[in-house]
Structure formats: C-alpha cells, structure tokens
Colleague: 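What follows is a single structure, and I will ask about it in a moment.
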Amino acid sequence: QVQLVESGGGLVQPGGSMRLSCAASGSIFSTYAMAWYRQTPGKPRELVARIFTGGSIDYTDSVKGRFTISRDNAKNTVYLQMNSLKPEDTAVYYCNARGPEGGSWGQGTQVTVSS
C-alpha cells in the first residue's frame, strides 16, 4: 500500500531538460523497486528506467546517456532526470513501485517535447 504522486511534467523544447519526481507514502519506501514507464498513444506502455533496492539500474536503449533515474530513500522520492529531450520522448510518464505488499502506479504526468 504505497501511494505515488508525480510532479514535474509539462512542455519543454527539444534539447531541453526536465526532472520528474515521484513522492511515495504509506509504506516503507526503501523496500520497493521503483521504475518509470511511459505511454504514447497507439503504442504499448514502455519501461523507461528502473532502480532496484540494491542500487542496480536499467534503462531502455532509447534513453541511455540522456536519462538518469535516482532515488532518495530519506525523502521517499524517486527522480527521473531527462536531458537532451527529443520529440519522440513525448508521452505520459508513470511512476511504478513494486515491493512486498504488491505494486502501485502513479497518476501519470504529461511530458511534451515540442517547439
């Protein structure tokens, strides 16, 4: 039973940067693996990045070198730093948590990369 609240989405120009935050409450954050997904109309939901409790990190190939996932257990927050943004990155971004009590999704935040 973890509740996730996302923030930081919006409109950004190509080549710009944006930082998404996902604040968790209601459970022990440090026991959860955290991930960011994104959904583009007409395409399946895609795993963007994930960070495990032990610190291991995975990225999808399309964002490697541009995106960075991190977590601050003291603040119960996971971040997605997005640099060198491309129009193809436009999507609804979702925070996900998976742990001993199950899994939870955030509400989603729209990221639009456009001039």
Side-chain angles (χ1 to χ4, degrees):
Q1 295 185 357
V2 59
Q3 293 78 49
L4 307 175
V5 179
E6 298 164 310
S7 61
L11 176 65
V12 64
Q13 293 185 331
S17 297
M18 181 172 286
R19 188 196 196 199
L20 304 182
S21 299
C22 175
S25 62
S27 191
I28 303 175
F29 179 76
S30 61
T31 66
Y32 282 76
M34 303 296 298
W36 289 95
Y37 290 75
R38 64 187 180 187
Q39 179 80 59
T40 301
K43 296 182 179 180
R45 185 171 295 187
E46 175 188 32
L47 175 65
V48 177
R50 58 184 174 182
I51 182 167
F52 297 95
T53 57
S56 297
I57 295 173
D58 290 331
Y59 298 100
T60 190
D61 286 343
S62 63
V63 308
K64 287 181 179 177
R66 300 187 298 119
F67 289 12
T68 302
I69 188 172
S70 62
R71 65 191 298 162
D72 187 337
N73 289 341
K75 296 182 178 180
N76 292 343
T77 302
V78 63
Y79 305 95
L80 185 67
Q81 178 67 47
M82 304 184 294
N83 300 325
S84 301
L85 283 162
K86 305 175 181 179
E88 305 93 273
D89 296 317
T90 296
V92 178
Y93 284 72
Y94 296 91
C95 183
N96 174 262
R98 183 176 295 274
E101 298 176 347
S104 297
W105 291 94
Q107 78 284 356
T109 184
Q110 177 71 46
V111 174
T112 302
V113 185
S114 176
S115 298

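Since this is a predicted model, take the numbers as computed values, not measurements.
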Colleague: Under the salt bridge (charged side-chain N to carboxylate O under 4.0 Å, His left out) rule, what pairs show up with a residue in residues 20-40, not counting sequence neighbours?
Modeller: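 Residue pairs with at least one partner in residues 20-40: Arg38-Glu46, Arg38-Asp89.
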
Colleague: Do the side chains of Thr40 and Thr90 get nearer than 4.5 Å, heavy atoms only?
Modeller: no

Colleague: Could you measure the distance from the CG atom of Leu47 to the CH2 atom of Trp36? Nearest 0.5 Å is fine.
Modeller: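 Here the rounded value is 12.5 Å.
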
Colleague: Measure across Ala49 and Leu80 and return the closest heavy-atom pair with its distance rounded to 0.1 Å.
Modeller: CB-CD1, 4.3 Å

Colleague: Checking Tyr59 now: which residues fulfil ring pair (Phe, Tyr, Trp, His ring centres under 6.0 Å) with it, not counting sequence neighbours?
Modeller: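 Scan of Tyr59 (ring pair (Phe, Tyr, Trp, His ring centres under 6.0 Å), adjacent residues dropped) gives none.
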
Colleague: Shortest non-hydrogen contact from Thr77 to Ser21?
Modeller: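 Nearest heavy atoms, Thr77 then Ser21: CG2-CB, 4.3 Å.
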
Colleague: Determine yes or no for a side-chain-to-main-chain donor-acceptor pair under 3.5 angstrom, with Glu6 supplying the side chain and Cys95 the backbone.
Modeller: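 Here the side-chain-to-backbone pair exists.
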
Colleague: Who clusters with Ile28? Use side-chain heavy atoms, under 4.5 angstrom, across I, L, V, M, F, W and Y, and order the result by chain and number.
Modeller: none

Colleague: Nearest 0.5 angstrom please: Met34 CE to Thr53 OG1, how far?
Modeller: 12.0 Å

Colleague: Is Val5 reachable from Val92 through a run of I, L, V, M, F, W or Y residues, each pair having side-chain heavy atoms under 4.5 Å apart?
Modeller: no

Colleague: Could you tell me how the ring of Phe67 sits relative to the ring of Tyr93: parallel (under 30°), tilted (30 to 60°) or perpendicular (over 60°)?
Modeller: tilted

Colleague: At what distance, to the nearest 0.5 angstrom, does CG of Asn76 lie from SG of Cys22?
Modeller: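 Those atoms lie 10.5 Å apart.
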
Colleague: From Met18 CE over to Gln13 CD, what is the distance, rounded to the nearest 0.5 angstrom?
Modeller: 11.0 Å

Colleague: I'd like to check Leu11 versus Ser114 (side-chain heavy atoms, cut-off strictly below 4.5 Å). Are they in contact?
Modeller: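 SC-SC contact between Leu11 and Ser114 confirmed.
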
Colleague: Please say yes or no: joined through hydrophobic side-chain contacts below 4.5 Å, possibly via intermediate residues, are Val78 and Tyr37 part of one cluster?
Modeller: no

Colleague: Is there a side-chain contact between Phe52 and Asp58 in this structure, where contact means two heavy atoms from C-beta onward sitting under 4.5 Å apart?
Modeller: yes

Colleague: Are Tyr94 and Val113 connected in the hydrophobic side-chain network, where two residues link if heavy atoms are under 4.5 Å apart?
Modeller: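 In one cluster: no.
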
Colleague: Could you see if Leu85 belongs to whatever hydrophobic cluster contains Val63? Use Ile, Leu, Val, Met, Phe, Trp, Tyr and a side-chain cutoff under 4.5 Å.
Modeller: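 In one cluster: yes.
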
Colleague: Group every Ile, Leu, Val, Met, Phe, Trp and Tyr by side-chain heavy-atom contacts under 4.5 Å, then state whether Met82 and Ile69 land in the same group.
Modeller: yes

Colleague: Would you call Arg50 and Arg98 a side-chain contact if the rule is heavy atoms closer than 4.5 Å?
Modeller: no

Colleague: Looking only at heavy atoms, which two atoms of Arg71 and Ile51 are closest? And how far apart?
Modeller: NH1-O, 3.6 Å

Colleague: Arg19: which residues meet the side-chain hydrogen bond (donor to acceptor under 3.5 Å, both in side chains) condition with it, sequence neighbours left out?
Modeller: none

Colleague: Considering residues at least two apart in sequence or located in another chain, which fulfil the side-chain contact (heavy atoms from CB on, under 4.5 Å) criterion with Ser115?
Modeller: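 Once residues adjacent in sequence are excluded, the partners of Ser115 under the side-chain contact (heavy atoms from CB on, under 4.5 Å) criterion are Pro14.
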
Colleague: With sequence neighbours left out, what residues match Val2 under side-chain contact (heavy atoms from CB on, under 4.5 Å)?
Modeller: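 Partners of Val2 under the side-chain contact (heavy atoms from CB on, under 4.5 Å) test: Leu4, Ala24, Ser27, Tyr32, Ala97, Ser104.
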
